[in-house]
Trainee: 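Please read through the structure below; I'll follow up with questions.
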2 protein chains.
Amino acid sequence: MVGQRKIRLYVTVGQRMLRDSLLFQLLLNDDVELVGESETGVDTLNRLSATRPGVLLIEENLQDNDGLTIAESALSLQPSLSVLLISDTPVSTGRLAIYLEAGIKAVVSKHQPVQELMKTLLYIRNGQVYVSARNTAADDTPTALAAYRALSGREREVAHLMAGRVPVRDIAEQLGVSCKTVHSYKDRIFVKLGFERLPELILFMHRHQHGATS
Amino acid sequence: MVGQRKIRLYVTVGQRMLRDSLLFQLLLNDDVELVGESETGVDTLNRLSATRPGVLLIEENLQDNDGLTIAESALSLQPSLSVLLISDTPVSTGRLAIYLEAGIKAVVSKHQPVQELMKTLLYIRNGQVYVSARNTAADDTPTALAAYRALSGREREVAHLMAGRVPVRDIAEQLGVSCKTVHSYKDRIFVKLGFERLPELILFMHRHQHGATS
DNA sequence: CCTATTTGTAGGAATTTCCTACACGCAAAA
DNA sequence: TTTTGCGTGTAGGAAATTCCTACAAATAGG
């Protein structure tokens with residue numbers, strides 16, 4: 001009962017590289033269904049009625065227009081649309097208020113981690129507004145960090161080894177337990193930290209100096 | 001014998017969102033070992049000798065400096081370094097020449113697909129220079145597209161269904177073959193198109209109108 | 001017409017994912 | 001203090017996935 005129906009997603013991001021890497025991330029989630037993508041605002045508006053997205057993920061600064069304007073037009077065309085704006089800079093409370101006023105459901109800045117984007121997307125899927133806890137400063141994985149500190153000894157060992165890309169088999173051997181046990185640790189670690197795939201853990205461990213392999 | 005030793009990668013990208021999503025991509029490859037990351041050029045230079053990367057992936061336009069300058073400094077500090085520059089705009093032949101002159105191994109623009117980045121990274125890992133085929137215009141998955149057209153009938157059917165997130169089991173049933181067979185198709189499709197994970201296929205199919213699931 | 005490759009089909013082994021289980025210890029509640 | 005309960009170390013099972021290998025029929029090139 002995580003989420004009811006699929007998220008019909010439309011993505012408007014100018015640069016292909018960012019759009020692609022965002023989409024690769026987002027599409028890993030089964031609930032995300034891509035219904036369209038554009039580089040520009042006008043193109044987005046043109047294709048809106050044909051694609052009928054539930055969520056529009058759109059950059060604030062587009063080549064041809066600004067995202068806010070496009071979002072407003074889109075909302076007038078299709079009021080049920082949930083708009084998630086990606087801003088280039090951290091969002092001040094004042095700006096945020098303006099956005100919300102305009103009917104935008106959430107704003108994520110490019111200075112926030114990608115995971116934030118997915119999280120926000122999941123939140124606003126049903127038309128709810130979502131304001132992330134502290135999106136002003138360089139907050140960063142505060143949740144994950146707290147969770148990490150709460151890991152048990154064994155879990156940390158495994159987390160460390162996994163982040164160093166040590167194969168499960170070797171970890172099991174080193175710790176003198178069965179592979180199954182290692183997998184259990186892995187599962188628990190991922191659940192506790194809220195991660196889905198190895199790169200997330202690697203990156204996290206690296207960033208918190210817990211990952212030094214050698 | 002795909003690649004000899006691991007790629008010791010240092011990433012300098014200003015915006016967290018882009019950096020993260022690029023890293024998530026790149027770290028999916030076992031051969032990539034992240035040794036450091038920075039948002040700024042000076043920070044990169046400071047940490048260079050401590051991290052000793054083999055490849056420096058750096059944005060052209062940094063907040064504090066321009067990537068080219070930083071790259072040149074980095075190269076004088078550590079001549080064995082392979083620098084991969086990420087430019088904001090498509091790269092003209094002239095600019096490319098200047099970059100190569102400066103000792104940069106390759107340039108990828110943000111208007112190119114992410115896969116291009118990984119491909120390039122793999123190419124330059126051993127110090128070779130890599131100039132992608134046509135990086136001027138909106139080329140785009142020309143390889144994959146050609147490969148797609150060369151898929152056999154059965155393969156296309158499976159590709160289509162998989163892109164629509166139909167479970168393997170259901171595909172097998174629909175086509176009246178065993179799950180194993182479907183997996184074989186899947187493997188072949190991925191090999192032929194040069195993809196690694198489902199989102200790539202989904203995106204590709206979507207972009208070429210082959211993915212419409214009703 | 002004959003060899004070489006592609007295509008449709010599938011099996012096996014190793015790994016991974018997702019659950020469930022369960023004893024033990026420590027901590028809070030009674 | 002005795003009980004109840006949650007977290008931790010440990011592991012098993014089922015299903016799915018990945019990575020190979022196999023092999024006959026179809027087909028394309030000579």
Trainee: Round to a whole Å and report the spacing from CG of A/Asp30 to C1' of C/dC18.
Mentor: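 In whole Å, C/dC18 C1' and A/Asp30 CG are 14 Å from each other.
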
Trainee: Are the charged groups of A/Arg125 and A/Asp31 less than 4.0 angstrom apart, N to O?
Mentor: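 Yes, this pair counts.
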
Trainee: Taking CD from A/Glu173 and P from D/dT10, how many angstroms apart are they, rounded to a whole number?
Mentor: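 Spelled out: CD on A/Glu173 to P on D/dT10 is 16 Å.
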
Trainee: With a 4.0 Å cut-off on heavy atoms, is A/Thr181 in touch with a base, just the backbone sugar-phosphate, or nothing at all?
Mentor: base

Trainee: Looking at A/Asp170 and A/Arg165, does any basic side-chain N land under 4.0 Å from a carboxylate oxygen?
Mentor: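 No, this pair does not count.
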
Trainee: In whole angstrom, what separates B/Asp187's CG from D/dA16's P?
Mentor: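 It works out to 16 Å between those atoms.
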
Trainee: Between P on C/dT17 and CD1 on A/Ile189, what's the gap in Å once rounded to a whole number?
Mentor: 13 Å

Trainee: Rounded to the nearest angstrom, tell me the gap between atom NE2 in A/His183 and atom C1' in D/dA15.
Mentor: 14 Å

Trainee: Rounding to a whole Å, what distance do you find between B/Arg188:CZ and D/dT21:P?
Mentor: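 Roughly 14 Å, once rounded to whole Å.
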
Trainee: Between D/dG9, D/dG13, C/dA13, which nucleotide gets closest to the side-chain atoms of B/Lys180?
Mentor: C/dA13

Trainee: Could you check whether B/Ser152 gets within reach of a base, just the sugar-phosphate, or nothing at all, counting any heavy atom under 4.0 Å?
Mentor: sugar-phosphate

Trainee: Given atom CZ of B/Arg156 and atom P of C/dT6, what is their separation to the nearest angstrom?
Mentor: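 Distance check: B/Arg156 CZ to C/dT6 P gives 16 Å.
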
Trainee: With a 3.5 Å cut-off and no angle check, do the side chains of B/Ser109 and B/Gln112 form a donor-acceptor pair?
Mentor: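 Checked: B/Ser109/B/Gln112 side chains show no N/O donor-acceptor pair below 3.5 Å.
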
Trainee: Identify whether any heavy atom of A/Ser178 sits under 4.0 Å from a base atom; if not, whether one sits that close to sugar-phosphate; answer base, sugar-phosphate or nothing.
Mentor: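 Answer is sugar-phosphate: A/Ser178 comes under 4.0 Å of backbone atoms only.
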
Trainee: When you check the gap from the basic side-chain N to the acidic O, do B/Lys110 and B/Glu60 get nearer than 4.0 Å?
Mentor: no

Trainee: Considering only C/dG8, D/dT18, C/dT17, which nucleotide approaches the side chain of A/Lys186 most closely?
Mentor: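 Nearest nucleotide to the side chain: C/dT17.
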
Trainee: On DNA chain D, nearest-nucleotide positions of A/Ser184 versus A/Ala150: which is more 5'?
Mentor: A/Ala150

Trainee: Closest approach to the side chain of B/Arg169, judged atom by atom: which nucleotide of C/dT16, D/dA15, D/dT18 is it?
Mentor: D/dA15

Trainee: To the nearest Å, give me how far apart OH (A/Tyr185) and C1' (D/dG7) are.
Mentor: 12 Å

Trainee: Among side-chain atoms of B/Tyr99 and B/Ser87, is any donor-acceptor pair under 3.5 angstrom?
Mentor: no

